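FYI, side chains are in, hydrogens and waters are out, and symmetry mates aren't considered; it's all heavy atoms of this structure. Computed from a prediction, not measured in an experiment: that's the story for all the values here.
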Amino acid sequence: ERAADEGGRVPCEIWMAAGTYEISEISRLDTLRLRNGVALLGGFAGTETDATERDWEANATIISGTGTAGFVYHVVTAVSTTDATLDGLYVERGVADGLDPRHQRGAGLYAQGAQLTVQHCIIRNNYAALEGGGVLADAAPITIRHSWIFTNRSDVAGGGIYAYDSAMVLEHSTLMDNDSAQGGAVAAVGGGPHIDHVQFVGNSAFQGAGLYQHDPLMQGVHNTIFAGNFADEGGGMYLGNMLFSVNTNVVLIGNMGLVR
């Protein structure tokens, strides 16, 4: 975080070498805070001279919510941040189960009023007592692309991603084996996310195992596959109280539940 603080003075890149970085040192409030204009890039072996030389798949760079103080509430945090980027990183093992409701949401990534891009990332094995086991976007325009979000869980909504009043772009990504009551993979309330070239596979929920969407004026799902998801209502998608919806080239196969 000290490097991010220094880098936040001007737009810059912070290169992170392969390895596991444990966030928890002093208390469960410890977190990696994103700063304005800072791009955190993982996947470096340590010999590169240019960011294009890195291999984030071969050189796993893991930001873990574990450490000496126990599991942190939020592994990565972005509050009122602009032009921040997470690229080529694993984000894992956040446990948002605090007494304060703020610490019951967004265990992997907590984004509030922030504008950021997440790409080439794996967000996995996070848990939130309320919403957003993997990712919380609260009034936060967020772009997630070329990423994998899997085995995250929340008790209320958005096991993988919970987007509230957020203009979210989700593209070229896979969401697998996430679980929640509403929106096993994604729950979107307001904001109308744009979803393109995404795979929703093996997620579970009471309503909307793949996608739960409520109240947006417009919803766009394109070139997307919902496969093997299970819910009591809406195995693939649950679309509630919507005025307008645009869906093109969407494949639903092997889902269990009612599609609404």
- Atom pair CD1 (I195) and CE (M237), whose distance is rounded to the nearest 0.5 Å: 9.0 Å
- Message: Under 3.5 Å, is there a donor on one side chain and an acceptor on the other for N125 and T151?
- Response: yes
- Output all residues satisfying salt bridge (charged side-chain N to carboxylate O under 4.0 Å, His left out) with D30, sequence neighbours left out; order by chain, then residue number. none
- Who are the side-chain contact (heavy atoms from CB on, under 4.5 Å) partners of A157, not counting sequence neighbours? E131, Y162, Q182, A187
- Message: Determine whether I123 and V135 satisfy the following criterion, side-chain contact (heavy atoms from CB on, under 4.5 Å), listing intermediate values before the conclusion.
- Response: CA-CA 8 Å; I123 300 174; V135 177; 3.6 Å; yes
- Do the non-hydrogen side-chain atoms of V38 and T85 ever get within less than 4.5 Å of each other? no
- Side-chain heavy atoms of L34 within contact of V76, under 4.5 Å: yes
- Query: Is the shortest heavy-atom distance from the side chain of L32 to the side chain of V75 under 4.5 Å?
  - Reply: no
- Query: With a 4.5 Å limit on heavy-atom distance, are the side chains of L239 and H214 in contact?
  - Reply: no
- Just jot down the ring-ring contact (aromatic ring centres under 6.0 Å, His included) partners of Y212, sequence neighbours excluded, or say none. Y238
- Message: For the backbone of N152 and the side chain of N178, can you confirm whether one donor and one acceptor N or O come within less than 3.5 Å of each other?
- Response: yes
- Task: Find out if a path of hydrophobic residues (ILVMFWY) with successive side-chain heavy-atom gaps under 4.5 Å connects L109 to I14.
- Result: yes
- Y110 OH to T77 OG1 distance, which is reported to the nearest 0.5 Å: 8.0 Å
- Message: As an exercise, state the distance from CG of N36 to OG1 of T82, rounded to the nearest 0.5 Å.
- Response: 3.5 Å
- Residues passing the salt bridge (charged side-chain N to carboxylate O under 4.0 Å, His left out) test with D196, sequence neighbours excluded, are none
- Can you sort out the partners of F71 under side-chain contact (heavy atoms from CB on, under 4.5 Å), two or more places apart, ordered by chain and number? R28, T66, R93, V95
- Message: Looking at T61 and G19, would you say the former's side chain and the latter's main chain have a donor-acceptor pair under 3.5 Å?
- Response: no
- Query: What pair of heavy atoms forms the shortest contact from A205 to G183, and how long is it?
  - Reply: CB-N, 4.0 Å
- What pairs meet the salt bridge (Lys or Arg N to Asp or Glu O under 4.0 Å) rule with one or both residues in residues 39-67, with sequence neighbours excluded? R54-D87
- Note on the structure: Closest non-hydrogen contact found for I144 with S173 is O-OG, 4.0 Å
- When clusters are formed by joining ILVMFWY residues with side-chain heavy atoms under 4.5 Å apart, either directly or through shared neighbours, do V221 and L252 land in the same one? yes
- Can you see which heavy atom on R105 is nearest to which on A96, and at what distance? N-CB, 3.6 Å
- Task: Would you give the length of the straight line joining atom OG of S27 to atom OH of Y73, rounded to the nearest 0.5 angstrom?
- Result: 8.0 Å
- Message: Counting C-beta onward and ignoring hydrogens, is there a side-chain heavy-atom pair between V198 and L175 closer than 4.5 Å?
- Response: yes
- Message: I'd like to know if V156 and Y164 are part of one continuous hydrophobic network [Ile/Leu/Val/Met/Phe/Trp/Tyr, side-chain heavy atoms within less than 4.5 Å].
- Response: no
- How long is the gap from CG on L89 to SG on C121, to the nearest 0.5 Å? 5.0 Å
- Task: For the pair D177 (side chain) and F150 (backbone), establish whether a donor and an acceptor sit closer than 3.5 Å, ignoring hydrogens and angles.
- Result: no
- Inter-residue atom distance I161.CD1 - L136.CG, 0.5 Å rounding: 10.5 Å
- Can you check whether E25's main-chain N or O pairs, donor with acceptor, with T68's side chain at less than 3.5 Å? yes
- With sequence neighbours left out, what residues match S180 under side-chain contact (heavy atoms from CB on, under 4.5 Å)? S154
- Message: Within the 4.5 Å heavy-atom criterion, are F226 and L211 side-chain neighbours or not?
- Response: yes
- Message: Apply side-chain contact (heavy atoms from CB on, under 4.5 Å) to residues H222 and H197 and explain how you reach the verdict.
- Response: CA-CA 7 Å; H222 312 282; H197 285 91; over 6 Å; no
- Task: Search all heavy atoms of A140 against all heavy atoms of A111 and return the closest pair with its distance.
- Result: CB-O, 3.8 Å
- Residue set satisfying side-chain contact (heavy atoms from CB on, under 4.5 Å) with A227, at least two apart, ordered chain then number -> I225, I253
- Message: Do S204 and D179 pair up side chain to side chain, a donor and an acceptor below 3.5 Å, judged on atom types alone?
- Response: yes
- Close side-chain approach of V189 to D165, heavy-atom, < 4.5 Å: no
- Just checking, is any N or O donor in the side chain of T31 or H74 under 3.5 Å from an acceptor N or O on the other one? no
Would you give me the side-chain donor-acceptor pairs under 3.5 Å for residues 39-46, sequence neighbours excluded?
none

- Task: Quick one: which residue pairs count as a ring pair (Phe, Tyr, Trp, His ring centres under 6.0 Å) with a foot in residues 112-140, not counting sequence neighbours?
- Result: W56-H120, H120-H146
- Any side-chain heavy-atom pair of V186 and M168 under 4.5 Å: yes
- Task: Would you please test M16 and Y21 for side-chain contact (heavy atoms from CB on, under 4.5 Å) and show each step?
- Result: CA-CA 10 Å; M16 300 181 66; Y21 299 82; 3.9 Å; yes
- Task: Answer yes or no: is there a donor N or O on one side and an acceptor on the other, between the side chain of Q115 and the main chain of P141, under 3.5 Å?
- Result: no
- Query: How would you list all residue pairs meeting salt bridge (Lys or Arg N to Asp or Glu O under 4.0 Å) that involve residues 71-83, not counting sequence neighbours?
  - Reply: none
- Task: Scan for salt bridge (Lys or Arg N to Asp or Glu O under 4.0 Å) pairs involving residues 142-163, sequence neighbours excluded, and state none if there are none.
- Result: R145-E171, R153-D155
- Item | CA sep, side-chain torsions, deciding dist, call: Q207, D232, side-chain contact (heavy atoms from CB on, under 4.5 Å) | CA-CA 6 Å; Q207 293 178 317; D232 288 2; over 6 Å; no
- Item | Shortest non-hydrogen contact from A209 toward G235 | CB-O, 3.2 Å
- Note on the structure: Minimal heavy-atom distance between G67 and E22, with the atoms involved, is CA-OE1, 3.8 Å
